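Only one structure is covered here, and it is reproduced in the block below.
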Amino acid sequence: MNAPLDLRHLPPPEPMQRILDALEALPAHACLVAMTPFRPGPLLPLLEAHGWAWRVEDLAGGGACIAIARRVDSALLESAAMPATDGATARA
């Protein structure tokens with residue numbers, strides 16, 4: 001797995017767009033991890049509609065971290081390397 005994308009410095013909607021762009025290139029059986037300045041609420045319904053599973057955790061210093069994998073590879077989300085967080089929400 002690659003290092004997490006750190007998108008916390010970008011204004012909306014750039015983090016969402018960069019995540020969507022990265023997902024287009026994501027190889028099979030891989031997981032994308034990204035840190036965002038806010039909890040990516042608007043992104044979650046898009047992911048579900050297009051067959052992605054996700055796990056979101058609030059970062060201790062603010063922002064959120066999201067791990068995304070194809071729904072068939074949702075088991076990868078459990079082992080995704082996430083920075084120090086305050087709690088998780090997942091959808092497979």
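Here the structure is a predicted model, which means the values were calculated and not measured.
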- Are V33 and F38 co-members of a hydrophobic cluster defined by side-chain heavy atoms under 4.5 Å apart? no
- Message: How close do A64 and L59 get, counting heavy atoms only, and between which atoms?
- Response: O-CD1, 3.6 Å
- Tell me, please, which residues at least two apart from L10 pass side chain to side chain contact (heavy atoms under 4.5 Å, CB included). L7, E14, P15, R18
- Note on the structure: Nearest heavy-atom contact between L77 and A69 is CD2-N, 3.8 Å
- Query: Atom CG in L5, atom SG in C65: separation rounded to 0.5 Å?
  - Reply: 10.0 Å
- With a 4.5 Å heavy-atom cut-off, do V56 and T36 have their side chains touching? no
- Message: Checking R8 now: which residues fulfil salt bridge (charged side-chain N to carboxylate O under 4.0 Å, His left out) with it, not counting sequence neighbours?
- Response: D6
- Note on the structure: Hits for side-chain hydrogen bond (donor to acceptor under 3.5 Å, both in side chains) against H29, two or more places apart or cross-chain, chain-then-number order -> D73
- Message: If I take atom NE2 from residue H50 and atom CZ from residue R70, how far apart are they, to the nearest 0.5 angstrom?
- Response: 13.0 Å
- Message: Nearest 0.5 angstrom please: I19 CD1 to L43 CG, how far?
- Response: 5.5 Å
- Item | Partner set under side chain to side chain contact (heavy atoms under 4.5 Å, CB included) for A30, not counting sequence neighbours | L26, P27
- Query: Are any of the side-chain heavy atoms of W52 and R71 separated by less than 4.5 Å?
  - Reply: no
- Calculate, to the nearest 0.5 Å, the distance between atoms CD1 and CD belonging to I66 and E57 respectively. 11.0 Å
- Begin from the C-alpha positions of L46 and M16 and carry the test side-chain contact (heavy atoms from CB on, under 4.5 Å) through to its verdict. CA-CA 10 Å; L46 293 173; M16 183 170 75; 4.0 Å; yes
